[in-house]
Protein chains: 2
Amino acid sequence: MRVHERNYRQYCGLAAGLDAVGERWTLLVVRELLLGPRRYNELLADLPGIGTNLLADRLKKLCALGVAERFDSGAGHAYRLGPRGAELRPTVLALSKWGVGLLGEPSADMVTRPHWALLAVQAMADASVLPELCESYEFQVDDEIFHLTVAGGTVSVQRGPAAHAVLRIHTDATTFIRIGAGALGPFEALATGMLTMSGERDAVLRCAGILGLRDRSGSPEAR
Amino acid sequence: MRVHERNYRQYCGLAAGLDAVGERWTLLVVRELLLGPRRYNELLADLPGIGTNLLADRLKKLCALGVAERFDSGAGHAYRLGPRGAELRPTVLALSKWGVGLLGEPSADMVTRPHWALLAVQAMADASVLPELCESYEFQVDDEIFHLTVAGGTVSVQRGPAAHAVLRIHTDATTFIRIGAGALGPFEALATGMLTMSGERDAVLRCAGILGLRDRSGSPEAR
DNA sequence: CTGCATCCGCCTCGATACTG
DNA sequence: CAGTATCGAGGCGGATGCAG
């Protein structure tokens, strides 16, 4: 393991935060754990290119910080978010929301995981635009099912199907992120069949409003 | 310059954000620019250890992304935040707020800058705890003067003196961050003279409330 | 078979020297 | 003042090996 850890030596919250989770891959590990417990090999599979020693080092440091913690899970053990890890959610969501604007069209060598859409929805959703609204939308992205509930100007996103969804949306992970990235308009995706839905017709407008989505009027901006 | 930029190759907002500003020193450069325009040598002075080539590389990349931009400033040129840079403020504040909890007592080899306190206040301030409040507080941290204005459940932090402050606070940068880090109670700092203030006596309680500060009742936790 | 540790080549980083 | 050039050290990425 490292003997002389590299740190900024600045008495500042941001520098301390970066010393803790600013190294390469670290926040991506946190992202995975934000979406539920994960085994070591599952993390390896969803973080292609990380290298086994790096993942072990990062997990060790995250556990030492209280961001993550190891626990027994039947066969072997797994990792889940620790107390300090949950408090990283606003940071991860803020950077996700900012970074999605930099995504153009996906290139062939990029990987996508359906559960990342769960994070994307949390980052995009803002219920304050429709404070009076109170309803649920269900998403199926590849084989991942989750739902978004709006109530009293706040949103919550959870895994699994919704009890009473006014709208059910079905698409694949790449299409989903493309819409979030603005590379594809939501109604264009609907028209071309890349996205299908069932439920109340009007609800799609409210759902798009909550997610801050608008169809692009001009030409698609590839990069 | 680098030829083969290292990136995560994930179609995900967080990964894209980290590809852009996740490298070492980058977010600290953004922090400096969030507090106003800076010259190259000023950045070097406030980021000890960065190395001249690294700073040049980071600035070049930030300019290419639209996070920063170069402009003429009388004598020579300087750097300021670009359009994409302002949108990074929530991310920087979120990580600052999280990271400040990891700061213990300052060690001898750590540097502190008074203008970092400006960021710390923005990260800590939450006016929703006192939605009816409408007043200003002025801070002088070393030679840096700024003020916090609360109105209608929102806060704004700006450089310079306040027009009508109900409270004026004077301290040094290290003490200020120690209080934010929880290593020193605000009223303890006041009692020991490390922090002085003038204005309405009651306002200090409201100000501490806005900043989420509470005196520690137990023993100081050094690390 | 999962969960790492070790080893090695390469690229980023950090420091210094140097130039417009 | 504002960077560029250079070079050693170390973090990173990939392959392999080994223990529970």
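Below, chain A is the first sequence line, B the second, and so on; all start at residue 1.
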>> Rounding to an integer number of Å, can you tell me how far B/Leu54 CG sits from D/dA9 P?
In response: 18 Å
> So does A/Trp25 get a side-chain nitrogen or oxygen closer than 4.0 Å to the phosphate oxygens (OP1/OP2) of D/dG11?
Replying inline: no
> What is the distance, rounded to the nearest whole Å, between atom CG of B/Leu43 and atom P of D/dC1?
Replying inline: 14 Å
> Considering the options A/Asn41, A/Leu47, A/Asp46, which one meets the side-chain contact (heavy atoms from CB on, under 4.5 Å) requirement together with A/Leu44?
Replying inline: A/Asn41
> For A/Arg168, which of A/His147, A/Glu138, A/Gln140 qualifies under side chain to side chain donor-acceptor pair (under 3.5 Å)?
Replying inline: A/Glu138
>> Going by side-chain contact (heavy atoms from CB on, under 4.5 Å), B/Leu118 matches just one of B/Leu34, B/Val141, B/Ile145, B/Leu35. Which one?
In response: B/Leu35
> What pair of heavy atoms forms the shortest contact from A/Pro48 to B/Gln10, and how long is it?
Replying inline: CD-NE2, 4.1 Å
> Which nucleotide in the list C/dA5, D/dA2, C/dG14 gets nearest to the side chain of A/Ala56?
Replying inline: C/dA5
>> Without decimals, in angstroms, what is the distance between A/Glu23 CD and C/dC13 C1'?
In response: 13 Å
> Nearest to the side chain of A/Thr52, which nucleotide is it out of D/dG13, D/dT16, D/dG3?
Replying inline: D/dT16
> About how many Å separate CG of A/Leu184 and OG1 of A/Thr174, when rounded to the nearest 0.5 Å?
Replying inline: 11.0 Å
> Can a side chain N or O of A/Arg6 be found less than 4.0 Å away from OP1 or OP2 on D/dG11?
Replying inline: no
> CZ of B/Arg58 versus C1' of D/dA2: gap in Å, rounded?
Replying inline: 18 Å
>> Using whole Å, what does the distance between atom P of nucleotide C/dC4 and atom CD1 of A/Ile50 come to?
In response: 13 Å
>> Output the rounded distance in Å from CG (B/Leu55) to P (D/dT4).
In response: 10 Å
> For A/Ala127 and A/Val155, which heavy atoms make the closest approach, and how far apart are they?
Replying inline: CB-CG1, 3.4 Å
> Any idea which of C/dA5, C/dG14, C/dC11 is nearest the B/Arg24 side chain?
Replying inline: C/dG14
> To the nearest angstrom, how far is B/Tyr40 atom OH from D/dT4 atom P?
Replying inline: 7 Å
> Which nucleotide in the set D/dA2, D/dC12, C/dA5 lies at the smallest distance from any side-chain heavy atom of A/Lys60?
Replying inline: C/dA5
> From the list D/dC12, C/dT2, C/dG14, which nucleotide is the closest neighbour of the side chain of A/Arg39?
Replying inline: C/dT2
>> Which residues in residues 62-81 of chain B have a heavy atom closer than 4.0 Å to any atom of DNA chain C?
In response: none
> In whole Å, what is the span from the CG atom of A/Asn41 to the C1' atom of C/dC1?
Replying inline: 9 Å
> B/Leu59 or A/Asn53: which one's nearest nucleotide on DNA chain D is closer to the 5' end?
Replying inline: B/Leu59
>> So which atom in B/Glu42 and which in B/Pro37 form the shortest heavy-atom distance, rounded to 0.1 Å?
In response: OE1-O, 4.5 Å
